[in-house]
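See structure below.
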Number of protein chains: 2
Amino acid sequence: MATGRSHRPATRSRGIPEATVARLPLYLRALTALSERSVPTVSSEELAAAAGVNSAKLRKDFSYLGSYGTRGVGYDVEYLVYQISRELGLTQDWPVVIVGIGNLGAALANYGGFASRGFRVAALLDADAALAGRLVAGLPVRHIDELEAIVVDNQVSIGVIATPAGAAQEVTDRLVNAGVTSILNFAPTVLSVPDGVDVRKVDLSIELQILAFHEQRKAGEGRQEPDGDVPAVMPA
Amino acid sequence: MATGRSHRPATRSRGIPEATVARLPLYLRALTALSERSVPTVSSEELAAAAGVNSAKLRKDFSYLGSYGTRGVGYDVEYLVYQISRELGLTQDWPVVIVGIGNLGAALANYGGFASRGFRVAALLDADAALAGRLVAGLPVRHIDELEAIVVDNQVSIGVIATPAGAAQEVTDRLVNAGVTSILNFAPTVLSVPDGVDVRKVDLSIELQILAFHEQRKAGEGRQEPDGDVPAVMPA
DNA sequence: ATGTCTTTGTGAACGCGTGCACAAAGATGG
DNA sequence: CCATCTTTGTGCACGCGTTCACAAAGACAT
Ligand SMILES: NC(=O)c1ccc[n+]([C@@H]2O[C@H](COP(=O)([O-])OP(=O)(O)OC[C@H]3O[C@@H](n4cnc5c(N)ncnc54)[C@H](O)[C@@H]3O)[C@@H](O)[C@H]2O)c1
Ligand SMILES: NC(=O)c1ccc[n+]([C@@H]2O[C@H](COP(=O)([O-])OP(=O)(O)OC[C@H]3O[C@@H](n4cnc5c(N)ncnc54)[C@H](O)[C@@H]3O)[C@@H](O)[C@H]2O)c1
């Protein structure tokens, strides 16, 4: 079992900073909207506003991809859509398995934005035998025993985990063993994976707690915390 | 309408760095698990491993909260649970409304991890009149018209948006107008909010695209991109 | 061709976050 | 009371990310 180092030091793959990679999908979404309205070109200022970022940041981000703009005019929308799609690897198909078809897993399976960008749900997996065969979003739920075969046969490299926290590590191990190298984890656990496997997590509970922190600050504005006001428990 | 600057420059509220705030829930989760196993104390090394972070980082994070450790021993688990909870504002109740009770909204409503940490679902709201009154996770779905009254009456300060993208900005405006100052957005749109309102977004599609980017890199290992291989479309 | 005007692409400065490495603090045992 | 051993708390250096500000590039009109 690997130590789950999962924190590569901001890998900067071929010179594209991680922070930039995380924003490319945002730009792509804004550009796609422009494209649908048949807007031919867009300035960094306009596009930045649409994506909710600073325009200098956007220009610098694009500069990592190459010089795709025209001074005095802006960026060609279609061309940029293509370049970003290619950079993100969206010009190819990515088979995905979803494991754990409960409330969340079923919602994910039904999510339209999945297929829209080259992500194809190859299979839905669950340990509950009672679920097996049932159709969710038009796909039959398969039993978890079939995991390895499905991953290998469909060359699945991306797995989505929506099982309870207790099962997440075991599912991860099986996915990784079968050949999956990218995992999107919705279960509230820290996953251990070998080097070379990417894990991203989505954690509702953490997001809410961060909001609560700032909310508390807003409420306590001006009022000074006594700070010595610590009841009861103290360490030996 | 405000410009939706939502990016405060790493606010550093009362000296606690934003990056630290984002990790506190992680520590809290690990500590809670220890607490349930009645472990009295824990070293920074052990806790860091459980939370999947560097131990020096963890110690520095805790140092922002105060000197709660004992050299040669470690940290008192219960005490730390209390301190972090207090810092995050989890010692009080946070009423939350969920807007858009479709696939995702219903899954969120059913999510147990919600109530477990002081977040109480005050109401479920949807525009679909056919849904009104139906029970989801034991709560009746209320019509969106009741939004303002519910927010005011329950002093709701946190809103969760799970509507289609097209409705998200309008829902946001209404929430903010009614007094909500923190928003967790699941719809794939950039939201504009006035200063003082926090927005956090959860975007499945973006996460997948980031994974795809790295996946593509792994696949293309060694093989050099010709880079001049750009078909068809070129800007004038 | 030349000048003007717009917008890109980037050099440079700065601030935040991370991790090493170690001194100081305290526990523990004799 | 002293020595030893463990573990914290932090000074420091470094690298990444952000933003400003501006020179250069190109479009467009005359
Ligand atoms: N529902 C939410 O909104 C939400 C939000 C945030 C996080 N989460 C997390 O997502 C996960 C799923 O949440 P949910 O509400 O859908 O739970 P759920 O109980 O409705 O669904 C879990 C599913 O996983 C299946 N499962 C259990 N063990 C399995 C295994 N070893 N292999 C394959 N499948 C297995 C179960 O049969 C079940 O169908 C949980 O970890 C939860 O904490 C959920
Ligand atoms: N399902 C997922 O896994 C998933 C994942 C990522 C993002 N999202 C996003 O979350 C949102 C919801 O997804 P979903 O799959 O639950 O969609 P859904 O269509 O199942 O549910 C949307 C719900 O919002 C309600 N609604 C529409 N307009 C409204 C309004 N103005 N006010 C209040 N309610 C309104 C609809 O009646 C419906 O019940 C979408 O924006 C989607 O892109 C969903």
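Order of the sequence lines sets the chain letters (A, B, ...), proteins ahead of strands, with each chain counted from 1. Everything numeric in this text was worked out from a predicted model, so none of it was measured.
When rounded to the nearest whole Å, the span between CG of Leu58(B) and P of dT7(D) equals 14 Å. Atom CD in Glu46(B) sits roughly 8 Å away from atom P in dT7(D) (whole-Å rounding). One can place CD of Glu18(A) at 12 Å from P of dC16(D), the figure rounded to the nearest angstrom. One atom, NZ of Lys57(A), and another, P of dA13(C), lie 21 Å apart when rounded to the nearest Å. Between the CG atom of Leu80(A) and the P atom of dT8(C) there is a distance of 11 Å, rounded to whole Å. In this entry the distance linking CD1 of Ile16(B) with P of dC16(C) reads 15 Å, nearest Å. The CG-C1' distance, from Leu65(A) to dT10(C), rounds to 15 Å in whole Å. If you measure from atom CZ of Arg23(B) to atom P of dC16(C), you get 15 Å, rounded to the nearest angstrom.
The backbone N or O of Ser192(A) lies less than 3.5 Å from a partner atom in the side chain of Gln169(A), making a donor-acceptor pair. Using modelled atom types, one side-chain atom of Thr172(B) and one backbone atom of Ala168(B) make a donor-acceptor pair closer than 3.5 Å. A donor-acceptor distance shorter than 3.5 angstrom exists from the side chain of Thr32(B) to the backbone of Leu28(B), with no hydrogens or angles considered.
With contacts defined as side-chain heavy-atom distances shorter than 4.5 Å, the pair Trp94(A)/Leu211(B) does not qualify.
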Atom pairs under 3.5 Å: protein N/O with N/O of nucleotides 9-15 of chain D:
residue	atom	partner	partner atom	Å
dG9(D)	OP1	Gly69(B)	N	3.2
dG9(D)	OP2	Tyr75(B)	OH	2.7
dG9(D)	O4'	Arg71(B)	NH2	2.9
dG9(D)	N7	Arg59(B)	NE	2.8
dG9(D)	O6	Arg59(B)	NH2	3.1
dG11(D)	O6	Lys60(B)	NZ	3.2
dC12(D)	N4	Lys60(B)	NZ	3.2

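Here Glu18(B) contributes atom CD and Ile210(A) contributes atom CD1; the two are 7.0 Å apart, rounded to the nearest 0.5 Å.
Contact check, Asn54(A) against dC20(D): a side-chain N or O comes under 4.0 Å of OP1 or OP2. The side chain of Ser44(B) contributes an N or O atom lying less than 4.0 Å from OP1 or OP2 of dT8(D).
Counted within 6.0 Å of CD on Gln155(B), heavy atoms from surrounding residues, nucleotides or ligands total 12 or fewer; the atom is thus considered open.
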